[in-house]
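Data first, discussion second: the structure below is written as structure tokens.
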Amino acid sequence: MGYSVKWVVENLGITRDMLRYYEKEKLLPANESRNPTNKYRDYSDEDIERIWGIKLLIGIGFTAKEIYALMNDPDFDFDTAIAQKQSWNGSTMRI
């Protein structure tokens, strides 16, 4: 059993339009998230993790094209990407 669009919208704070945008930009696989019975989007645990990661990266300032490139990089490391983005922006994170 997967997660419905409604569940994602209500629990992750992502709009339906943003989900469509993520699919359009190939950040989420459009066909793999469809339920074969009714064609509704049905997200797996892996999809939920990916959506959350995309949301975080966009919040940090990454563009959809940058995220696509990162996700298709076999050497991608989330922490390294964030640190590099911070250094590109000339900012430092304070806790």
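Starting from 1, each residue takes its place in the sequence as its number.
Taking all atoms of both residues into account, the shortest heavy-atom contact from Leu27 to Ile54 is CB-CD1, 3.6 Å. The two residues Glu23 and Tyr43 make their nearest non-hydrogen contact at OE2-OH, 3.5 Å. Between Pro29 and Arg50, the shortest heavy-atom contact is CD-NH1, 4.3 Å.
Side-chain N or O atoms of Glu66 include one that pairs as donor or acceptor with a backbone N or O of Thr63 at under 3.5 Å.
Side-chain atoms of Asn11 and Tyr3 form no donor-acceptor pair, as typed in the model, at a separation below 3.5 Å.
Residues meeting the salt bridge (Lys or Arg N to Asp or Glu O under 4.0 Å) test with Arg16, sequence neighbours left out: none.
Residue pairs meeting the side-chain hydrogen bond (donor to acceptor under 3.5 Å, both in side chains) criterion with at least one partner in residues 70-82, sequence neighbours excluded, are Asp77-Thr80.
Taking CZ of Phe76 as the reference point, atom CE of Met71 lies at 6.5 Å (rounded to 0.5 Å). Note that CG of Leu28 is 7.0 Å distant from CG of Leu19, once rounded to the nearest 0.5 Å. A distance of 6.0 Å separates CG in Leu12 from CH2 in Trp52, rounded to the nearest 0.5 Å. To the nearest 0.5 Å, atoms OG (Ser4) and CD (Glu10) are separated by 7.5 Å. Remark: Ile51 CD1 to Ile14 CD1 distance equals 7.0 Å, nearest 0.5 Å. The distance from the CZ atom of Arg41 to the CH2 atom of Trp7 is 15.5 Å, given to the nearest 0.5 Å.
Annotation: cation-pi geometry satisfied between Lys85 and Phe62 (NZ/CZ under 6.0 angstrom from ring centroid, within 45° of ring axis).
Look at Arg20 and Asp17 and you find a salt bridge, because one of the NZ, NE, NH1 or NH2 atoms lies within 4.0 Å of a carboxylate O, short of that distance.
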